[in-house]
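Input: a single structure, listed below in structure tokens.
FYI, side chains are in, hydrogens and waters are out, and symmetry mates aren't considered; it's all heavy atoms of this structure. Predicted, not measured: the structure shown is a model, and the values here were computed from it. Just follow the structure's listing: the first ligand is 1, and inside any ligand the first atom is 1.
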Amino acid sequence: MLAWLTARGTKRRRWIACGLGVGLPVLVLLALVLACLINAWSVSEPDWHYQLRPSGSGHLINDSLFEERLGRFQAALRIPTISVDARNLNESALEEFKNFLQTSFPRLHGGNEDKITCEVVSNYSFLYEIKGSDESLTPYLLAAHLDVVPVEEDKWNYDPFEAMKDGEYIYARGAFDDKHAVMGILEALDYFLFTKNESVKRTFYVGIGHDEEVSGRQGAAKIAEVLHNRGVKTMDFVLDEGFVVLTNALPGVQVPVALVGVSEKGYAEVSVSVDGVSGHSSMPPKESAIGIISKAVSRLEAYPQPHFFDSSSVEYTTLETAAPHSSFLYKLIYSNLWLFKNIVSNQFLESASTAATVRTTTAPTLFNAGYKINVVPSTATAYINHRVHPKQTIEDVLEYDREVIGDSRVNVTLNTDTYIRPHPISPYGPDSPQYKLLARSILEVFPQSFVAPGTMIATTDTKYYLNFSKNVYRFAPTFLDIEDMPRLHGHDERIRVENYREVVDFFFRLMVNANQVNARPLHVHARNEL
Ligand SMILES: CCCCCCCC/C=C\CCCCCCCC(=O)N[C@@H](CC(N)=O)C(=O)O
Ligand SMILES: [Zn+2]
Ligand SMILES: [Zn+2]
């Protein structure tokens, strides 16, 4: 090599060597940029998504009864079925709600036992069975809950239990979470069975719990028990509340995304406590119990749990699915996640809602310490609510907490009674008839959206139904702009009036479509039919 460089024509060779040294990486870079651009230009909705899109439009339920239905929905919202904690439910409101359902839907509550039966479970929850003619078809379950979280009345601009309609929205506690689903399912069911007189082939169940907001142990858990005792072992699929049709949730995506929760994060209550020395506040120790725990909590917030975003994450598919519906810059990013996944992951960590999908979250929610101003207390306890990412075990999470706190005086203890492990991931690809059935029903009602899988960040009653099916989905047919997120469990909860029409429509279409799966193939059309 040396001889070659020092020989005649060395200058020219040096230029060549230098050219190769600089040129080759530039060429590789150009090829990389070109490949990314080609990926972005050629990205399109996969065929199986296209095929699920409806060829026609218009609501099936577009009858004159909508005002009546809306009136019933408002009446449901006026009953304050508030759950404060498992021992503090509003029983008189629950009783009123029970009577309200029975009188609002008389055909569902007696006299038509050949079509539908209803069992009241734990006094206030409901289990409906709609018997199908074909016993070879596996039944499915639609779930919802009728209780609501408490309100800070003085923070609302509307009476939370008046269900005021301002022309565009109805404002009420429970409008979004989750009475629209309770009423939407029952309206659709009544219409399906008695107005359209559909002949039911596939048996299905509707389970409406009354204590989801405080654990679901009396409602959904007991409904699951009743089903089990009746010999129902398997469901084709289970659908409960969860994600919704979201706008402005994904960076660079203007199109609404109907996010289907195909898994659910785990739930853990962890106490962080210290047992130290008490004493006179005039002679405080260098480190008090309160100081030690404050430092521990502060470190837990400063060093959050690890995050996960790679090709095996559900969120990876969420973004790949979003790529065809994104601005060009984000098409470039989402269609080349192999290259941009770290950038995307960091961007996700910037916002609380997207960060919650990629890591175990750490929320200090309670702090107990002290009882008198001039006494240094010997103990202090903070409570941390973790939502556990499916890629971690609870042992991983606790070990991380202990490591971050780094103080052997601090005890980190899991409440094993309330711990729920992350749910398994339900199928969400082209080979899942159940996911496709759901996606098709969504697209029929929300044709302007696209359907993508996600990991549900809060808990739902589905935890009690996991043994019935591997196809458990968490989705409600409601619209939510990310800016409206604080209204959930917050002030001025609302739903668009027109959205309620879509809610009823969605459940009706789902019932029609589910009645057809395996009984006859879903209509599939070619791209050029659209
Ligand atoms: C890549 C995806 C971006 C994700 C953005 C997140 C947007 C979130 C959208 C909708 C969430 C709607 C959640 C409603 C259901 C809430 C269920 C609930 O409140 N569960 C309680 C149950 C309980 N009290 O134990 C909970 O605390 O989890
Ligand atoms: Zn809910
Ligand atoms: Zn809730």
Side-chain angles (χ1 to χ4, degrees), residues 81-86 89 143-151 173-182 208-217 219-221 240-253 256-269 307-309 313-322 334 344-345 347-359 361 363 365 385-388 418-420 422-423 452-464 474-490 493 495:
T81 50
I82 299 172
S83 295
V84 178
D85 60 57
L89 308 178
H145 67 89
L146 60 85
D147 61 325
V148 299
V149 290
V151 290
R173 172 59 88 227
F176 204 90
D177 180 14
D178 184 38
K179 281 183 178 163
H180 75 273
V182 172
I208 296 179
H210 71 274
D211 63 344
E212 187 275 345
E213 295 293 2
V214 289
S215 79
R217 285 186 191 171
D240 196 358
E241 66 169 337
F243 279 133
V244 294
V245 187
L246 285 160
T247 45
N248 299 315
L250 301 174
V253 183
V257 50
L259 216 51
V260 174
V262 295
S263 176
E264 186 169 300
K265 290 174 82 180
Y267 178 96
E269 295 173 359
H307 57 275
F308 303 90
F309 183 77
S313 313
V314 171
E315 287 62 42
Y316 205 89
T317 312
T318 314
L319 297 185
E320 284 180 331
T321 313
Y334 295 160
V344 168
S345 174
Q347 191 173 7
F348 260 46
L349 296 178
E350 290 301 309
S351 119
S353 57
T354 45
T357 66
V358 293
R359 70 153 44 117
T361 49
T365 48
N385 190 192
H386 281 303
R387 303 303 175 110
V388 183
T418 54
Y419 173 60
I420 302 158
H423 295 192
T455 308
M456 179 60 187
I457 53 179
T459 72
T460 66
D461 274 342
T462 56
K463 54 183 163 288
Y464 300 113
R474 301 146 193 91
F475 172 78
T478 40
F479 261 106
L480 181 73
D481 190 275
I482 213 72
E483 280 203 348
D484 267 4
M485 280 277 286
R487 294 177 194 267
L488 295 181
H489 285 204
E493 182 178 345
I495 186 171

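Residues E269 and T418 have side chains that bring a donor and an acceptor to within less than 3.5 angstrom of each other. Side-chain atoms of D211 and H145 include no donor-acceptor pair closer than 3.5 Å. Inspection of the E264 and T459 side chains reveals no N or O donor paired with an N or O acceptor under 3.5 Å.
Which parts of ligand 1 touch L250 is read off a 4.0 Å heavy-atom cut-off, strictly below it: atoms 1 (C). Within the listing of ligand 1, atoms 1 (C) sit less than 4.0 angstrom from a heavy atom of F348. Each of the following atoms of ligand 1 lies closer than 4.0 Å to a heavy atom of G242: 12 (C), 13 (C), 14 (C). Residue contact check: H489 has heavy atoms under 4.0 Å from atoms 19 (O) of ligand 1. Set against the non-hydrogen atoms of M456, the atoms of ligand 1 under 4.0 Å away are 13 (C), 15 (C). Distances below 4.0 Å separate heavy atoms of R387 from the following atoms of ligand 1: 26 (C), 27 (O), 28 (O). Taking a cut-off of under 4.0 Å to the non-hydrogen atoms of L488, the atoms of ligand 1 that pass are 12 (C). With ligand atoms numbered from 1 in the order given, ligand 1 contributes 2 (C) to contacts under 4.0 Å with heavy atoms of L259.
Using modelled atom types, one side-chain atom of E315 and one backbone atom of T455 make a donor-acceptor pair closer than 3.5 Å. Checked by atom type and distance alone, the side chain of E493 pairs as donor or acceptor with a backbone atom of F176 at under 3.5 Å. Under the 3.5 Å distance criterion, the side-chain polar atoms of R474 are left unmatched by any main-chain donor or acceptor of V244.
Inter-residue side-chain proximity for D178 and E212 is flagged as unmet; no heavy-atom pair is nearer than 4.5 Å.
Of the protein's non-hydrogen atoms, the one nearest atom 8 (C) of ligand 1 is M485 SD, 3.7 Å. At the top of the distance list for atom 24 (N) of ligand 1, counting protein heavy atoms only, stands E213 O, 2.9 Å. Among all protein heavy atoms, the one lying closest to atom 4 (C) of ligand 1 is T357 CG2, 3.8 Å. Remark: minimum distance from atom 5 (C) of ligand 1 to any protein heavy atom is reached at S353 CB, 3.9 Å. The nearest heavy-atom contact from the protein to atom 3 (C) of ligand 1 is T354 CG2, 3.9 Å. The closest protein non-hydrogen atom to atom 16 (C) of ligand 1 is A458 CB, 4.1 Å.
Counting all heavy atoms, side chain and backbone alike, H180 lies closest to A476 at NE2-CB, 3.7 Å. Taking every heavy atom of both residues into account, P453 and T318 meet most closely at O-OG1, 2.7 Å. Residues V214 and S83 approach most closely at CG1-CB, 3.7 Å, considering heavy atoms. Between A249 and I482, the shortest heavy-atom distance links the atoms CB-CD1, 3.8 Å. When every heavy atom of E241 is checked against every heavy atom of T460, the shortest pair comes out as O-CG2, 3.6 Å.
For D177, the N/O/S atom at the shortest distance from the Zn ion (ligand 2) is named OD1. Taking the Zn ion (ligand 2) as reference, the nearest N/O/S atom within E241 carries the name OE1.
Counting heavy atoms closer than 4.0 Å to ligand 1, residue A249 contributes nothing at all. Looking at E315 against ligand 1, nothing comes within 4.0 Å, counting heavy atoms. Of the heavy atoms in Y267, none comes closer than 4.0 Å to ligand 1.
Checked options K179, R173, H210; the residue passing with T81 is K179 (criterion: side chain to side chain donor-acceptor pair (under 3.5 Å)).
Of all the listed residues (V358, T460, T459), T459 holds the heavy atom that lies closest to atom 28 (O) of ligand 1.
Not one N, O or S atom of H145 sits under 2.8 Å from the Zn ion (ligand 3). The nearest N, O or S atom of E213 is closer to the Zn ion (ligand 3) than 2.8 Å.
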